[in-house]
Amino acid sequence: MSLQIGETPEEISGSSLATKETRLQRETILLVEDEAFVREVTCEILRSAGYRVLTAKNAAEAACVYQARRDQVELLLTDMILPSESGLALSERLRKDDPELKVLLVTGYTEQIARLAQMQEECLAKPFSSDVLLRRVRQALDRREV
């Protein structure tokens, strides 16, 4: 174990916060959002919380990013409404290759929220605060398959 500037051995070995921050630094999220402003703000919130974020503006781009970095992506965070393919269809396609891929679907439509709940899919309703986003991302990442 080596110390970084400004760290003490107690901060490294005794702090659960240090462990939590180290874990966050290794977690990579693939964010798929077609609206540039929403994508940029969401990306900034996630990065400021310590996550690594890969971005895509549509399902085709997301699939390419995922194939190139598949071993790193731990969570697919995708809008439901995307050009040419829905976020749900994208998640189903990627899960065919990787059934363990964790997914958090984002939508502003009440009927989609109800449908996703019936399907037992993780869902985040728009609009959301940064606190809600980070809490739901953490829950999705920590979710264990039964």
Side-chain angles (χ1 to χ4, degrees), residues 1-2 4-7 11-12 15-146:
M1 170 176 62
S2 63
Q4 301 297 317
I5 296 172
E7 294 177 324
E11 289 173 324
I12 298 300
S15 171
S16 62
L17 181 60
T19 303
K20 188 176 193 176
E21 287 175 358
T22 301
R23 181 181 67 194
L24 287 177
Q25 290 298 326
R26 290 191 312 253
E27 291 175 315
T28 301
I29 298 168
L30 174 53
L31 169 64
V32 188
E33 171 59 61
D34 60 320
E35 293 185 39
F37 178 75
V38 176
R39 185 175 58 249
E40 290 168 14
V41 169
T42 304
C43 182
E44 181 58 34
I45 292 167
L46 294 168
R47 284 187 175 146
S48 69
Y51 295 101
R52 282 187 273 172
V53 183
L54 306 171
T55 61
K57 62 182 175 230
N58 58 49
E61 189 176 292
C64 289
V65 170
Y66 182 76
Q67 291 307 319
R69 307 283 290 275
R70 177 183 175 163
D71 59 326
Q72 297 172 12
V73 175
E74 296 178 69
L75 176 68
L76 172 65
L77 174 61
T78 182
D79 194 12
M80 280 287 294
I81 307 296
L82 296 169
S84 76
E85 184 178 18
S86 74
L88 182 59
L90 171 65
S91 70
E92 290 170 347
R93 183 161 49 110
L94 296 183
R95 280 181 169 163
K96 284 182 183 175
D97 291 336
D98 181 6
E100 301 299 315
L101 178 64
K102 295 174 181 170
V103 175
L104 180 56
L105 298 159
V106 182
T107 185
Y109 296 97
T110 306
E111 63 277 1
Q112 286 182 338
I113 294 169
R115 180 173 163 232
L116 292 170
Q118 289 176 339
M119 296 171 64
Q120 297 184 338
E121 289 287 346
E122 295 282 334
C123 180
L124 174 62
K126 283 183 181 178
F128 50 81
S129 68
S130 58
D131 289 341
V132 170
L133 170 66
L134 294 173
R135 183 172 51 250
R136 296 293 289 127
V137 163
R138 184 77 261 147
Q139 289 170 347
L141 283 165
D142 291 342
R143 184 174 185 220
R144 303 281 184 249
E145 296 299 320
V146 181

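Along the sequence shown, the residues carry numbers beginning at 1.
- Looking at K126 and E33, a side-chain N of the basic residue comes within less than 4.0 Å of a carboxylate O on the acidic one, giving a salt bridge.
- Side-chain contact between L94 and L76 is present, with heavy atoms from C-beta onward closer than 4.5 Å.
- Between the K102 side chain and the L141 main chain, a donor and an acceptor come within less than 3.5 Å of each other.
- Looking at heavy atoms from C-beta onward, L46 lies in side-chain contact with L134 at the 4.5 angstrom threshold.
- The pair E85-R93 meets the salt-bridge criterion, with a side-chain N (NZ, NE, NH1 or NH2) lying under 4.0 Å from an Asp/Glu carboxylate O.
- Shortest non-hydrogen contact noted between R47 and V53 is NH2-O, 2.8 Å.
- With rounding to the nearest 0.5 Å, the separation of CD in E122 from CD in Q139 is 7.0 Å.
- Formation of a donor-acceptor pair under 3.5 Å by the E44 side chain with backbone atoms of E40 is not found in this model.
- Counting heavy-atom neighbours within 6.0 Å of R69 CZ, excluding the residue itself, gives a total of 12 or less.
- Nearest heavy-atom pair, L82 versus S86, reported as atom, atom and distance to 0.1 Å: CD1-C, 4.4 Å.
- Under a 3.5 Å cut-off, the side chain of T42 and the backbone N or O of R39 do not form any donor-acceptor pair.
- For the side chain to side chain contact (heavy atoms under 4.5 Å, CB included) test with V106, the passing option among L77, T78, V38 is L77; the others fail.
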For this session: Check the pair T28 / Y51 against side-chain contact (heavy atoms from CB on, under 4.5 Å), numbers first and verdict last.
Result: CA-CA 6 Å; T28 301; Y51 295 101; over 6 Å; no
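- In terms of heavy-atom proximity, V32 sits nearest to A62 at CG2-CB, 3.5 Å.
- The structure places CG of L101 at 12.0 Å from CD of E92, a figure rounded to the nearest 0.5 Å.
- Between L104 and A140 the shortest heavy-atom distance is CB-CB, 4.3 Å.
- Once rounded to the nearest 0.5 Å, the distance linking OG1 of T107 with CD of Q112 reads 3.5 Å.
- Using a cutoff of 4.0 Å between basic side-chain nitrogens and carboxylate oxygens, D131 and R135 are not scored as salt-bridged.
- Counting only heavy atoms from C-beta outward, the side chains of L54 and Y66 never approach each other to under 4.5 Å.
- Shortest non-hydrogen contact noted between D34 and I81 is OD1-O, 3.6 Å.
- The distance from atom CG of L31 to atom CG of D79, rounded to the nearest 0.5 Å, is 9.5 Å.
- Atom-to-atom distance recorded for E121:CD and L88:CG is 6.0 Å, nearest 0.5 angstrom.
- R95 places no side-chain N or O within 3.5 Å of a backbone atom of L90 that could act as its donor or acceptor partner.
- A salt bridge between E27 and R52 is absent, with no side-chain N of the basic residue lying under 4.0 Å from a carboxylate O of the acidic one.
- In terms of heavy atoms, A125 sits closest to I113 at CB-CD1, 3.5 Å.
- M119 CE to R115 CZ: the interatomic distance, rounded to the nearest 0.5 Å, is 5.5 Å.
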